[in-house]
4 protein chains.
Amino acid sequence: MINRVVLVGRLTADPDLRYTPNGVAVANFRIAVNRPFTNQQGEREADFLNCVIWRKQAENVANYLKKGSLAGVDGRMQSRSYENQEGRRVTVVEVQAESVQFLEPRGASGGGGSSQGGGYSQQQSSQSSGSGQQNRDSSNLNDDPFSDNGQPIDISDDDLPF
Amino acid sequence: MINRVVLVGRLTADPDLRYTPNGVAVANFRIAVNRPFTNQQGEREADFLNCVIWRKQAENVANYLKKGSLAGVDGRMQSRSYENQEGRRVTVVEVQAESVQFLEPRGASGGGGSSQGGGYSQQQSSQSSGSGQQNRDSSNLNDDPFSDNGQPIDISDDDLPF
Amino acid sequence: MINRVVLVGRLTADPDLRYTPNGVAVANFRIAVNRPFTNQQGEREADFLNCVIWRKQAENVANYLKKGSLAGVDGRMQSRSYENQEGRRVTVVEVQAESVQFLEPRGASGGGGSSQGGGYSQQQSSQSSGSGQQNRDSSNLNDDPFSDNGQPIDISDDDLPF
Amino acid sequence: MINRVVLVGRLTADPDLRYTPNGVAVANFRIAVNRPFTNQQGEREADFLNCVIWRKQAENVANYLKKGSLAGVDGRMQSRSYENQEGRRVTVVEVQAESVQFLEPRGASGGGGSSQGGGYSQQQSSQSSGSGQQNRDSSNLNDDPFSDNGQPIDISDDDLPF
DNA sequence: TTTT
DNA sequence: TTTT
């Protein structure tokens, strides 16, 4: 069924690169997309959208994008559901990116990040992309799957559909 | 900034139509979009995506779509953040639909719903669509903004950007 | 770079299935997409868009879609340029489909076509799809690449980027 | 019906701004979108797509974009058909842009153009955009509707659907 | 919690 | 919690 998302926005933080136990790279990043209209108070709001990308492109994203970088994303909307510590069922919606385009000119420093500059190149998914059933450690006190920085993720490669 | 979503899927339940205190119609509905690949167990999974549509189109959606109906949605991804009873900050991502296309042939009955059939017509947003800062009653025990069926929603029309 | 198209419309004719000399299937079809507004005369116009799809999906399209069928297309816009008999350079824009969704309910007969019914299934490109530099026979009197029905197409498989 | 296009690419020439007899601004521009794969010869090709935008945004495009500028386009595919001097019917496909995003950092000079720099701002269509039945002068020797620079276009405002 |  |  048709499921297509295209976004252009800026990273709100440096990307978070990890590896599955089998060595598959996966990067999470969040982009802020400014709305085309202002709210009742005359302020321009933004939407904050989590994105996931796999394999070689994940490493490229980690190497070339940082907080503040302008990037384009072409992918699919994906929903994922888990139970938090209060036993409440939480549904997370994120974008499974199939390709990411770096829109920062080469040598630009977009924000307060730490890595090297981008350069208008584009990453294309080899496969029609992945899945990302990130069955993170449920004993993790933090149930926001985008904030458990630091630890390796406990995805079995059996969960990956490629 | 570019923010574009196109989905085709089936309603998981009848749409939920409400009115703001000022009489603006707003419909919430969820669609299931089957993934183009199967998971490790060979099962075809789906993504469940919440959609919002405003005004005249909201009433059309409520009149012509029901549980099981096939529909196409063209819109934008929107994020919204609120605090639940545990004081935890929850971020909700939904699709602000700008237009909805009914893909059920006229007279078809897609599922177990209750309303009348669809018919391949399409609704187009007059304005570049709305917002949906649905600041629902915070005393509501249920903090899933898609499950507080029944009560009127307490959106001030001042919150609507059109 | 980002190049994304999503269409839902009806086939204006039966799909045209061919094979390259190396046996790669390619189907051309045209879909009519009704505009969301009416013109000055109050008539609803449509856009007529040529689409191309390769390999297994091409055969599925030929088998399950016919004139009048409702279909969804997810793909990329592609331009192609050739010289017509008058020596005039003509640019053709078509959609390279990466996936096609059949939106006709199983058993439905959409229009005046000839083949069997569709059925809500979807075809997904195995690769991030193809190209289609259809360097058709330039001695062909007809320089509309979508109307040279009948003859085999003279694409060398060397021209295919996969 | 669903008809959605999103592109990111670079202008192949300065935009062409004109006015209808009734004073409605319309800008034509062509963008080159690099393909995500290389051809048989290992070269990266591009698609060249004509875009049209109306009213206030047309003037912004003319003021802020020039040859070489990086831009994002969100719009619809539109087909238009006319007869050339040889009496041959020619179909043109172009993108009716609903919004254009300037992706060149402020002060950047993207290419060999002539006008001033862009600046990451975005133009949003007030209406769900326009049409563009650009019934150009049929006595014009050149039947490429994107190359008849210089003369005013003979669109009656009656042809505009807004 | 989920649609065919 | 957020980007320019």
Side-chain angles (χ1 to χ4, degrees), chain A residues 1 3 7-15 29-35 44-51 65-71 73 79-83 87-91 103-104 108-113 142 144 146-147 149, chain B residues 1 3 7-16 28-35 44-51 65-71 73 79-83 87-91 103-104 108-113 142 144 146-147 149, chain C residues 101-107 118-122, chain D residues 101-107 118-122:
Chain A
M1 282 170 151
N3 180 339
L7 304 172
V8 171
R10 291 188 179 277
L11 292 238
T12 63
D14 289 355
F29 58 100
R30 179 154 17 211
I31 71 175
V33 184
N34 296 131
R35 296 187 181 163
R44 183 166 302 273
E45 292 180 272
D47 295 294
F48 298 94
L49 283 343
N50 292 325
C51 301
L65 294 181
K66 60 173 195 283
K67 183 180 179 185
S69 297
L70 189 70
V73 170
S79 68
R80 193 160 43 84
S81 187
Y82 65 97
E83 221 157 274
R88 191 188 288 285
R89 184 133 284 273
V90 179
T91 293
L103 293 168
E104 218 60 76
S109 84
N142 187 329
D144 175 358
F146 266 85
S147 67
N149 285 300
Chain B
M1 283 169 150
N3 180 338
L7 304 171
V8 172
R10 289 188 181 279
L11 293 238
T12 63
D14 288 356
D16 175 28
N28 288 316
F29 59 101
R30 178 151 21 208
I31 71 175
V33 184
N34 296 130
R35 296 186 181 164
R44 184 166 302 274
E45 293 180 271
D47 295 293
F48 298 94
L49 283 344
N50 291 324
C51 302
L65 293 181
K66 61 173 195 282
K67 184 181 178 186
S69 297
L70 190 68
V73 170
S79 67
R80 192 162 43 87
S81 188
Y82 65 97
E83 221 157 274
R88 191 187 288 286
R89 183 134 284 273
V90 179
T91 294
L103 294 168
E104 217 63 74
S109 85
N142 187 328
D144 175 359
F146 267 86
S147 66
N149 285 300
Chain C
Q101 185 180 8
F102 307 152
L103 294 167
E104 217 62 74
R106 194 170 294 283
Y120 285 145
S121 53
Q122 180 173 18
Chain D
Q101 185 180 9
F102 307 152
L103 293 168
E104 218 61 75
R106 194 171 293 283
Y120 284 146
S121 52
Q122 181 172 16

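Proteins get letters first, then strands, A, B, ... in listed order; numbering begins at 1 in each. Computed over heavy atoms, backbone and side chain alike; hydrogens, waters and symmetry mates excluded.
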Expressed as a whole number of angstroms, how long is the span from [X]:[atom1] to [N]:[atom2]?
{"X": "A:Arg30", "N": "F:dT3", "atom1": "CZ", "atom2": "P", "value": "11 Å"}
{"X": "B:Leu65", "N": "E:dT3", "atom1": "CG", "atom2": "C1'", "value": "13 Å"}
{"X": "A:Tyr82", "N": "E:dT2", "atom1": "OH", "atom2": "P", "value": "18 Å"}
{"X": "B:Lys66", "N": "E:dT2", "atom1": "NZ", "atom2": "P", "value": "21 Å"}
{"X": "D:Leu103", "N": "F:dT4", "atom1": "CG", "atom2": "C1'", "value": "13 Å"}
{"X": "B:Asn3", "N": "F:dT3", "atom1": "CG", "atom2": "P", "value": "18 Å"}
{"X": "B:Asp47", "N": "E:dT3", "atom1": "CG", "atom2": "P", "value": "15 Å"}
{"X": "A:Leu49", "N": "F:dT2", "atom1": "CG", "atom2": "C1'", "value": "12 Å"}

Where the side chain of [X] is concerned, which of [options] is the nearest nucleotide?
{"X": "A:Thr12", "options": "E:dT4, E:dT2, F:dT3", "result": "F:dT3"}
{"X": "A:Arg10", "options": "F:dT3, E:dT3, E:dT2", "result": "F:dT3"}
{"X": "A:Thr91", "options": "F:dT3, E:dT2, E:dT3", "result": "E:dT2"}
{"X": "B:Ala46", "options": "F:dT2, E:dT3, E:dT2", "result": "E:dT3"}

Do B:Glu104 and B:Arg10 sit within salt-bridge range, that is, some charged N less than 4.0 Å from a carboxylate O? yes

Hey, is A:Phe48 stacking on F:dT2? Ring centres under 5.5 Å, planes under 30°. yes

Measure the shortest side-chain to side-chain distance between B:Val8 and B:Leu70 over non-hydrogen atoms and say whether it is less than 4.5 angstrom. yes

Of all the heavy-atom pairs spanning A:Leu103 and A:Ala71, show the shortest one and how long it is. CD1-C, 3.7 Å

For A:Ser79, enumerate each residue passing the side-chain contact (heavy atoms from CB on, under 4.5 Å) test, keeping only those at least two apart in sequence or located in another chain. A:Thr91, A:Val93, B:Asp47, B:Phe48, B:Leu49

